[in-house]
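Input: a single structure, listed below in structure tokens.
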Amino acid sequence: MRRTVFDADHEAFRATVRAFIEAEVVPVYDKWYEAGIVPRDFYYKLGELGLFGIEVAPEYGGAGVESFKFQAVITEEVARAAVSFGGSSVHVALCLPYLRAYATAAQKQRWLPGFVTGATMFAIAMTEPGTGSDLAGMRTTAAISADGSHYLLNGAKTFITGGVHADRVIVCARTAPPKDDDRRYGISLFVVDTKSPGYRVGRKLDKLGLKVSDTAELSFTDVRVPVEDRLGDAHEGFAYLGQNLPRERLSIAVGGYAQAKAAIRFAQQYTGAREVFGQPVSGFQNTKFELAACQAEVDAAEAVVDRALEAHDLGELTAADAASAKLFCTETASRVIDRCLQLHGGYGYITEYPIARLYADSRVNRIYGGTSEVMKTIIAKNMGL
């Protein structure tokens with residue numbers, strides 16, 4: 001069926017992104033994969049192409065487009081080629097909404113021009129060792145000085161995507177104890193300069209997938225954060241996090257759908273070229289049935305994604321809607337990619353084949369941004385259960 005969620009401008013943008021990936025990423029991706037990180041200079045290329053400034057206001061160097069659909073196009077094209085732009089997805093999909101919504105005019109003037117060009121890369125640090133999805137249980141603290149001029153940040157974070165290359169990190173920290181009836185109270189957000197004394201990047205974590213995405217452990221020892229670098233009101237950070245989670249989960253849903261669609265593409269290519277018992281693997285009834293079943297699942301995921309994209313741009317995407325989209329699309333992707341890998345036989349287990357990388361990369365979709373179990377809890381609560 002013809003997709004109606006994208007217009008001619010989106011498709012022209014898609015062609016530009018696809019050509020860029022083919023010219024600038026695919027030829028060097030194996031080197032990035034071996035190194036386990038995207039070169040820092042690559043982010044300047046993304047900035048020059050305008051990918052970081054689509055939703056940033058023109059006065060800060062952006063295009064001022066009020067739509068998530070262009071980011072969805074990027075996600076789809078990256079998945080189609082089975083490559084990665086590293087931590088830049090967090091830079092735009094996760095960090096930008098916080099800066100747009102909660103930064104003051106002065107903060108935007110300081111941070112957004114560099115955000116657009118790639119000179120100032122952002123990451124966000126929520127998760128802590130031992131807390132996982134329980135953000136209210138975080139132990140990182142930010143104590144305000146006696147004169148009210150700065151905070152002293154102490155604690156640790158883990159699983160921080162983009163943490164190695166980041167120039168600024170939005171750090172969630174406790175600025176007050178939780179209330180007896182509200183353990184979410186007392187969390188604030190800070191835009192921390194990674195060159196600050198006491199700020200330390202620990203291990204770059206060795207992951208099952210997403211090998212070129214720099215994921216790090218961070219620690220803070222008496223990091224001095226000027227009060228001017230607090231984002232939004234003190235103690236209200238948990239509410240801010242909740243308001244932006246639907247967009248994050250939509251982004252993961254789009255990624256899951258796009259990876260599943262790419263898996264079918266790779267499986268068709270492989271089974272059409274691979275001959276067994278005197279005929280292409282694609283000629284066997286089992287192959288046809290498996291691919292047909294996968295296509296039906298991807299068609300359904302596409303419908304879910306497109307409806308969610310429309311709802312987001314209209315300001316109507318609820319937390320439950322986003323949870324449902326993420327749950328369905330990521331679980332669908334898991335099934336489809338596994339079946340498409342099976343059609344590759346032994347070669348599907350070799351990382352030089354894109355299907356193997358998709359298999360490893362996609363597994364985290366059901367974990368980060370809230371696990372599938374958390375998504376079910378949100379949906380059930382919305383159902384009144």
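None of the values given here were measured: they were computed from a predicted structure.
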Checking T120 against D167: is there a side-chain donor and acceptor pair closer than 3.5 Å? no
Donor on one side chain, acceptor on other, Y60 and Q109, under 3.5 Å: no
Taking all atoms of both residues into account, what is the closest heavy-atom pair of V78 and S84, and its distance? CG1-CA, 3.9 Å
Under 3.5 Å, is there a donor-acceptor pair between the Y102 and Q243 side chains? yes
Can you tell me how far the SG atom of C95 sits from the CZ atom of R100, to the nearest 0.5 Å? 14.0 Å
Would the distance check show the side chain of D214 and the main-chain N or O of V164 forming a donor-acceptor pair, the cut-off being under 3.5 Å? yes
I want to check a possible cation-pi pair here: R357 against Y33, using under 6.0 Å from ring centre and within 45° of the ring axis as the test. yes
Would you say K207 and T215 are linked by a side-chain donor-acceptor pair, where the criterion is simply a distance under 3.5 Å? yes
For V5 against K69, the heavy-atom pair lying closest together: O-NZ, 3.1 Å
Is it true that R184 and D182 have a side-chain N and a carboxylate O under 4.0 angstrom from each other? no
When you measure from the side chain of T175 to the backbone N and O of I187, does any donor-acceptor pair fall under 3.5 Å? no
For residues R224 and S196, is any side-chain donor paired with an opposing acceptor at under 3.5 Å? no
Do side-chain atoms of T377 reach the backbone of E373 as a donor and acceptor pair under 3.5 angstrom? yes
Show me the pairs that pass side-chain hydrogen bond (donor to acceptor under 3.5 Å, both in side chains) and involve residues 341-353, at least two apart or across chains. none
When you measure from the side chain of D321 to the backbone of T318, do you find a donor-acceptor pair of N or O atoms at a distance under 3.5 Å? yes
Side chains of D229 and Q107: do they bring a donor and an acceptor to under 3.5 Å? no
Please check if the distance between the ring centroids of F122 and F115 is under 6.0 Å. yes
Assess whether a salt bridge exists between R14 and E76, defined as any Lys/Arg side-chain N lying under 4.0 Å from an Asp/Glu carboxylate O. yes
P27 and I21: which non-hydrogen atoms are nearest, and at how many Å? CD-O, 4.3 Å
Do E331 and R366 sit within salt-bridge range, that is, some charged N less than 4.0 Å from a carboxylate O? yes
Any donor and acceptor pair, going by atom type alone, linking the side chain of K326 with main-chain N or O of P246 inside 3.5 Å? no
Would you say the side-chain atoms of S282 and Q268 include a donor-acceptor pair closer than 3.5 Å? no
Can you see which heavy atom on F266 is nearest to which on A81, and at what distance? CZ-C, 4.3 Å
Show, in sequence, the C-alpha distance, side-chain angles and deciding distance for F159 and Y368, and conclude whether the ring pair (Phe, Tyr, Trp, His ring centres under 6.0 Å) test is met. CA-CA 9 Å; F159 305 145; Y368 66 3; over 10 Å; no
Check whether Y44 forms a cation-pi arrangement with R40 (NZ or CZ under 6.0 Å from the six-membered ring centre, at most 45° off the ring normal). yes
Ignoring hydrogens and geometry, is there a side-chain-to-backbone donor-acceptor pair from Y43 to G87 under 3.5 Å? yes
Just by distance, do the side chain of S362 and the backbone of Y359 share a donor-acceptor pair under 3.5 Å? yes
Between the main-chain N or O of E236 and the side-chain N or O of D233, is there a donor-acceptor pair closer than 3.5 Å? no
Stepwise side-chain contact (heavy atoms from CB on, under 4.5 Å) test for F85 and L51: CA-CA 11 Å; F85 284 176; L51 301 193; 4.0 Å; yes
Using the six-membered ring wherever Trp is involved, compare the ring planes of Y199 and F220 and label them parallel, tilted or perpendicular (cut-offs 30° and 60°). tilted
